[in-house]
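To keep things clear, I will list the structure first and then write my remarks on it.
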Amino acid sequence: MTHSHEKIIIIGAGAAGYTAAIYAARANLSPVILAGLQPGGQLTITTDVENYPGFSDVIQGPWLMQEMQKQAENVGARVVYDIATSINASSSPMQITLDGGDVLTADSIVIATGAQARWLGLESEAIFNGRGVSACATCDGFFYKERDVVVIGGGNTAVEEALYLSNLCRSVTLIHRRDTLRAEQILQERIFKQPNISVEWNYTVTEILGNDDGVNAVSLKSTKNDDEKKISTHGVFVAIGHDPATKPFKNILELDDEGYIKVKSGTTLTSKSGIFAAGDCVDKVYRQAVTAAGMGCMAALDAEKYLASIDD
């Protein structure tokens with residue numbers, strides 16, 4: 001077991017964490033990144049990335065994350081492949097215990113642990129992930145221009161994804177297991193006005209079908225009776241919500257009713273002095289790599305200002 005003290009520790013190694021590390025390293029803060037279970041975050045399970053600025057051609061999500069990591073390390077960040085199991089934020093300096101037994105202390109912490117999309121749990125869903133199955137219409141909708149897609153869900157996220165896709169795709173079929181939507185009324189009114197959106201009420205997806213070229217259909221089963229059917233489709237967008245990776249912080253920081261970390265408006269300041277939060281563990285609206293990176297930059301600058309104040 002080793003003990004070390006750091007000026008800044010960044011928990012999470014996605015777009016927000018790596019960007020925070022780049023800015024913190026350039027400020028001579030020698031940041032440590034705790035990479036956790038999935039270094040690179042959600043972009044490691046994303047194939048084609050076409051909306052991250054700076055690249056004229058389509059790039060691969062895992063490659064982009066590798067480049068961000070190299071950039072962070074090249075300017076002075078250190079990556080530790082371990083998981084934070086507990087944080088003592090009441091001590092000064094704050095103390096982080098790692099799964100491997102090491103203990104780190106820190107003057108400041110940036111939480112960039114992200115969020116995970118909820119999935120249906122089908123084996124075929126995993127097989128076609130990135131080849132016709134997605135959890136982000138804004139990320140992947142462009143690849144289905146003038147094609148037929150389905151959206152699974154009935155809340156705000158599902159309806160917003162369906163509306164977004166209706167401007168790109170030939171047709172959008174919303175599949176919902178109930179006979180009424182949970183989405184806000186104004187969103188429901190919009191979806192029912194869209195001529196290329198239809199709804200399959202009282203059905204669940206039991207299988208995603210396809211071949212080497214990708215998805216070509218979904219199998220549905222009625223929630224009311226034994227009725228089953230197939231719908232041809234080129235893409236499946238799962239929109240049944242996200243879970244922020246914030247459980248370890250629920251007794252330390254103020255979270256909202258969905259578990260996202262609350263920050264002071266226009267900043268990355270959390271309810272605990274010295275702890276900052278960025279990316280999808282905070283942001284439940286945009287959830288893009290570029291917005292996560294922007295928040296990572298903000299967190300590093302906020303932490304740098306905080307560290308300067310305590311040095312004074």
Side-chain angles (χ1 to χ4, degrees), residues 14-15 37-38 40-52 58-65 114-177 191 196-200 203-221 223 228-245 280 284 286-289 292:
L37 287 173
Q38 190 182 344
Q42 291 190 81
L43 275 179
T44 57
I45 56 169
T46 303
T47 49
D48 293 348
V49 175
E50 202 172 43
N51 56 5
Y52 198 87
V58 175
I59 57 173
Q60 301 298 299
W63 175 85
L64 178 60
M65 289 296 93
Q116 289 82 39
R118 290 183 201 138
W119 298 99
L120 301 172
L122 302 173
E123 188 178 340
S124 54
E125 177 185 52
I127 290 169
F128 289 107
N129 200 325
R131 296 193 302 122
V133 173
S134 170
C136 180
T138 315
C139 312
D140 300 324
F142 182 79
F143 301 114
Y144 300 91
K145 209 169 182 181
E146 298 303 322
R147 307 187 91 184
D148 304 311
V149 300
V150 302
V151 176
I152 303 166
N156 284 352
T157 302
V159 173
E160 286 167 353
E161 301 264 277
L163 287 166
Y164 176 83
L165 291 164
S166 70
N167 294 316
L168 296 168
C169 303
R170 182 170 56 197
S171 75
V172 180
T173 304
L174 184 67
I175 300 168
H176 186 41
R177 59 185 174 174
I191 203 173
N196 64 337
I197 298 179
S198 60
V199 183
E200 288 284 353
Y203 277 97
T204 58
V205 174
T206 56
E207 199 70 44
I208 296 167
L209 308 168
N211 52 34
D212 290 343
D213 295 327
V215 168
N216 56 34
V218 290
S219 294
L220 307 183
K221 188 176 190 313
T223 57
E228 295 182 359
K229 64 166 88 172
K230 279 184 188 176
I231 294 179
S232 295
T233 186
H234 300 109
V236 176
F237 289 85
V238 181
I240 55 176
H242 286 73
D243 293 313
D280 287 10
K284 56 184 172 185
Y286 302 104
R287 286 197 288 256
Q288 300 298 302

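Residue pairs meeting the side-chain hydrogen bond (donor to acceptor under 3.5 Å, both in side chains) criterion with at least one partner in residues 228-241, sequence neighbours excluded, are Glu200-Lys229. Pairs of residues two or more places apart, or lying in two chains, that qualify as side-chain hydrogen bond (donor to acceptor under 3.5 Å, both in side chains) and include a residue from residues 204-219 are Ser124-Glu207. The stretch residues 137-146 participates, sequence neighbours left out, in no salt bridge (charged side-chain N to carboxylate O under 4.0 Å, His left out) pair at all. For residues 114-123, the salt bridge (charged side-chain N to carboxylate O under 4.0 Å, His left out) pairs, not counting sequence neighbours, are Arg118-Asp243. Listed by first then second residue, pairs satisfying side-chain hydrogen bond (donor to acceptor under 3.5 Å, both in side chains) with a partner in residues 148-159 read Asp148-Arg170, Asp148-Ser171, Asn156-Glu184, not counting sequence neighbours.
Looking at every heavy atom in both residues, Ala117 comes nearest to Ala135 through CB-CB, 3.6 Å. Heavy-atom minimum distance, Ala292 versus Asp280: CB-OD1, 4.4 Å. Minimum heavy-atom separation, Ala289 to Leu43: CB-CD1, 3.7 Å. Scanning all heavy atoms of the two residues, the minimum distance from Glu161 to Ala239 falls at CG-CB, 4.1 Å.
Within the 4.5 Å cutoff, no side-chain heavy atoms of Val149 are placed close to those of Val236.
To the nearest 0.5 Å, atom OG1 of residue Thr173 and atom CG of residue Leu165 are 11.0 Å apart. To the nearest 0.5 angstrom, Leu209 atom CG is 11.5 Å from Ile231 atom CD1. Rounded to the nearest 0.5 angstrom, Gln116 CD and His242 NE2 are separated by 9.0 Å.
Residues meeting the side-chain contact (heavy atoms from CB on, under 4.5 Å) test with Cys136, sequence neighbours left out: Ser134, Thr138, Cys139, Gln288. Here Tyr144 pairs with Phe237 under the ring pair (Phe, Tyr, Trp, His ring centres under 6.0 Å) rule; sequence neighbours left out. The side chain to side chain donor-acceptor pair (under 3.5 Å) test applied to Arg147 returns no partner, not counting sequence neighbours. With sequence neighbours excluded, the residues that form a side-chain contact (heavy atoms from CB on, under 4.5 Å) with Val199 are Leu174, Phe192, Trp201. Applying the side-chain contact (heavy atoms from CB on, under 4.5 Å) criterion to Leu120, with sequence neighbours excluded, gives Leu122, Glu125, Ile152, Val205, Val238, Ile240. Trp119 meets the ring pair (Phe, Tyr, Trp, His ring centres under 6.0 Å) test with no other residue; sequence neighbours excluded. Glu50 pairs by the side-chain contact (heavy atoms from CB on, under 4.5 Å) definition with Val58, Phe142, Phe143, not counting sequence neighbours.
Of the possible polar contacts, one joining the Thr223 side chain to the Arg177 backbone as a donor-acceptor pair under 3.5 Å is found.
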